[in-house]
Amino acid sequence: MDAPHNIDSVSADSDDAVVHWLTNETRDQRFIDNIFAELCVRLQRSGIPVKRATLHLLIYHPQWLGARIIWADGMREAEIERVDYDVRERSEYIGSPANEIHDGATEVRENLERDPSLGRKHALYDEMRAKGLTDYVAWPLYHTLGKRHIVTFATDRPGGFDDAHIAGLRKLLPVLALVSEIRMKNRLARTLLETYVGSHAGELILAGATRRGSGTTVRAAIMICDLREFTKISDNWPRDDVIDLLNGYFDAMSEPIVRHGGEILKFIGDGLLAIFPLSQPSACANLLRAVGEARQAMIALNEENGKTGRAPLNYGIGIHVGDVMYGNIGSRTRLDFTVIGPAVNMASRLEALTKQLGRTVLLSKAFAELVKSDFDLEHVGEHPVRGFSEPIELFAYHG
């Protein structure tokens, strides 16, 4: 993220001036880590001897429980560490200040100058003592509807923070809670949209593309993938195993797509729809590279599944290129941001033909013409395609 704005020009102020800045002068700063870093510098220059500070936020990302923002004296930018969902089973959390706060404590204060045998026992306190820190305090930050996050401050001042320092820090908490919640809500909205509709569609929606029927025409390579005999699998395997199989399959397919610049618009049961906009250089070649990597990932997944007696997963992929309508479709109160059009229908029909023709990946001639000089393709002739009046010339890709 960007470095804090004008951090070197922060002037010495009272703690009231710091509160005023946090309340009134941070509205143009998008990122909470930048605000937090500048806040710590302003606190130092107001006379509060902060040497280290952290902000712990629960973000409920699909992959991470939260984020830890860490600032230390001399840093221009705060560091951000992601926190995994399993952190609460690990020693770094158990018995930590975060553990105490999440269990209901309204303050954790530790005198780091006293005999360690008389204080709290956790590796964090030992680390801070080793760095010469003398005092540590942690408080909950209360967001809407009782959600609790955490802020901590530590100093190396002999004797630790005095009463005035603690009072100044306490004064910040309600405003810091509001400022951090606003940034978190903005980030959460973006994360949810990226998670459920994709990054490009998410950006359009955040920019105001929410009216039913609004949309744009995009020329893109289109990929539709579907599992084979999934109904049989779902009927014969326990629910949790089926979900685990699906997640493994979607990981194998999705990660190469995203890595090569594609956007997954939706998961449809055991299938997915992705596009590679032709505004990107080498979009069609990137799609086939993603398919090749996905194939290798599926081989590895099937080998791993085979060790536990699971049947191999087979799939079919249909690929076409053309103009698609990209936008909002649905009822007055429930919209779907997706792509529709004959080109999408063609990709879907080609995916259905993969089983009939015994090929895993089928390409339309229109798509093949754009990549045939760079990839080995098998010509499989002309075949009737449901919904289209003329037979379509098809190619297979085995990379």
Side-chain angles (χ1 to χ4, degrees), residues 1-5 7 10 15-43 46 48 50 52-71 77-85 87-88 93 96-108 137-153 166-196 199 202-203 205-208 210:
M1 296 187 180
D2 300 333
H5 292 207
I7 196 166
V10 175
D15 51 17
D16 285 334
V18 176
V19 172
H20 176 85
W21 164 80
L22 190 58
T23 306
N24 298 287
E25 298 177 25
T26 58
R27 62 177 61 93
D28 293 329
Q29 177 51 263
R30 179 177 176 181
F31 300 118
I32 187 60
D33 57 314
N34 290 346
I35 293 173
F36 191 62
E38 185 168 344
L39 169 65
C40 292
V41 172
R42 287 178 179 272
L43 286 171
S46 74
I48 298 178
V50 175
R52 175 188 184 274
T54 63
L55 185 61
H56 305 248
L57 302 171
L58 296 173
I59 59 175
Y60 300 108
H61 184 277
Q63 292 176 263
W64 309 291
L65 172 65
R68 179 168 47 240
I69 299 172
I70 304 170
W71 177 90
E77 300 181 45
E79 295 178 357
I80 301 177
E81 296 179 354
R82 294 163 177 165
V83 179
D84 295 331
Y85 272 93
V87 69
R88 289 175 175 170
Y93 176 81
S96 70
N99 192 169
E100 290 193 55
I101 296 289
H102 286 142
D103 283 349
T106 57
E107 179 180 283
V108 175
V137 62
W139 289 294
L141 281 183
Y142 295 99
H143 286 194
T144 305
L145 301 176
K147 292 184 174 63
R148 291 158 62 94
H149 307 273
I150 302 169
V151 64
T152 81
F153 299 98
I166 293 296
L169 292 172
R170 281 183 176 277
K171 192 184 300 182
L172 290 170
L173 299 183
V175 181
L176 180 58
L178 289 172
V179 169
S180 61
E181 180 163 16
I182 291 168
R183 271 64 185 187
M184 277 191 63
K185 296 293 188 191
N186 290 344
R187 180 62 258 184
L188 180 60
R190 189 174 300 274
T191 295
L192 288 173
L193 286 170
E194 289 173 351
T195 300
Y196 287 100
S199 57
E203 289 291 341
I205 292 169
L206 286 172
T210 56

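Side chains included, hydrogens not; waters and symmetry mates left out as well; all remaining heavy atoms used.
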| Do Trp139 and Thr106 touch side chain to side chain, with heavy atoms closer than 4.5 Å? | no

| Would a 4.5 Å heavy-atom cut-off, applied to side chains only, mark Thr26 and Arg183 as touching? | yes

| said: Once rounded to the nearest 0.5 Å, what's the spacing between atom CZ of Arg170 and atom CD of Glu107? | reply: 4.5 Å

| Between CD1 on residue Ile69 and CD on residue Glu77, distance to nearest 0.5 Å | 12.5 Å

| Step-by-step side-chain contact (heavy atoms from CB on, under 4.5 Å) determination, Ile48 to Val18 | CA-CA 11 Å; Ile48 298 178; Val18 176; over 6 Å; no

| message | Using the side chain to side chain donor-acceptor pair (under 3.5 Å) definition, which of the options His102, His56, His143 pairs with His149? | response | His143

| request: Can you see which heavy atom on Leu176 is nearest to which on Leu22, and at what distance? | output: N-CD2, 3.7 Å

| Main-chain N/O of Ile101 paired with Arg148 side-chain donor or acceptor, under 3.5 Å | yes

| task | Enter the distance from Ile166:CD1 to Phe153:CZ here, rounded to the nearest 0.5 Å. | result | 9.5 Å

| task | Would you name the heavy atoms of Ala78 and Asp33 that are closest together and state the gap between them? | result | CB-O, 3.8 Å

| message | Quick check: do Trp71 and Val50 have side-chain heavy atoms less than 4.5 Å from each other? | response | yes

| Do the non-hydrogen side-chain atoms of Val179 and Leu39 ever get within less than 4.5 Å of each other? | no

| said: Measuring from atom CE of Met184 to atom CD1 of Ile59, what distance do you get when rounded to the nearest 0.5 angstrom? | reply: 7.0 Å

| task | For residues Thr152 and Ala138, report the shortest heavy-atom separation together with the two atoms involved. | result | CG2-CB, 3.7 Å

| request: Could you check Ile35 against Trp21 for side-chain contact (heavy atoms from CB on, under 4.5 Å), going step by step and ending with a plain yes or no? | output: CA-CA 10 Å; Ile35 293 173; Trp21 164 80; 4.1 Å; yes

| note | Shortest non-hydrogen pair, Tyr142 vs Pro140, comes out as OH-CG, 3.4 Å

| request: Hey, could you give me the CD/CD1 distance between Glu81 and Ile70, rounded to the nearest 0.5 Å? | output: 3.5 Å

| note | Tested for side chain to side chain contact (heavy atoms under 4.5 Å, CB included) against Leu141, the lone hit among Leu178, Leu55, Ile150 is Leu55

| query | Which is it for Leu43 and Leu172 under the side-chain contact (heavy atoms from CB on, under 4.5 Å) test, yes or no, and what are the steps along the way? | reply | CA-CA 10 Å; Leu43 286 171; Leu172 290 170; 3.4 Å; yes

| Can you check side-chain contact (heavy atoms from CB on, under 4.5 Å) on Phe36 and Ile80, steps first, answer last? | CA-CA 11 Å; Phe36 191 62; Ile80 301 177; over 6 Å; no

| field | Any donor-acceptor pair under 3.5 Å from Arg88 side chain to Tyr85 backbone | value | no

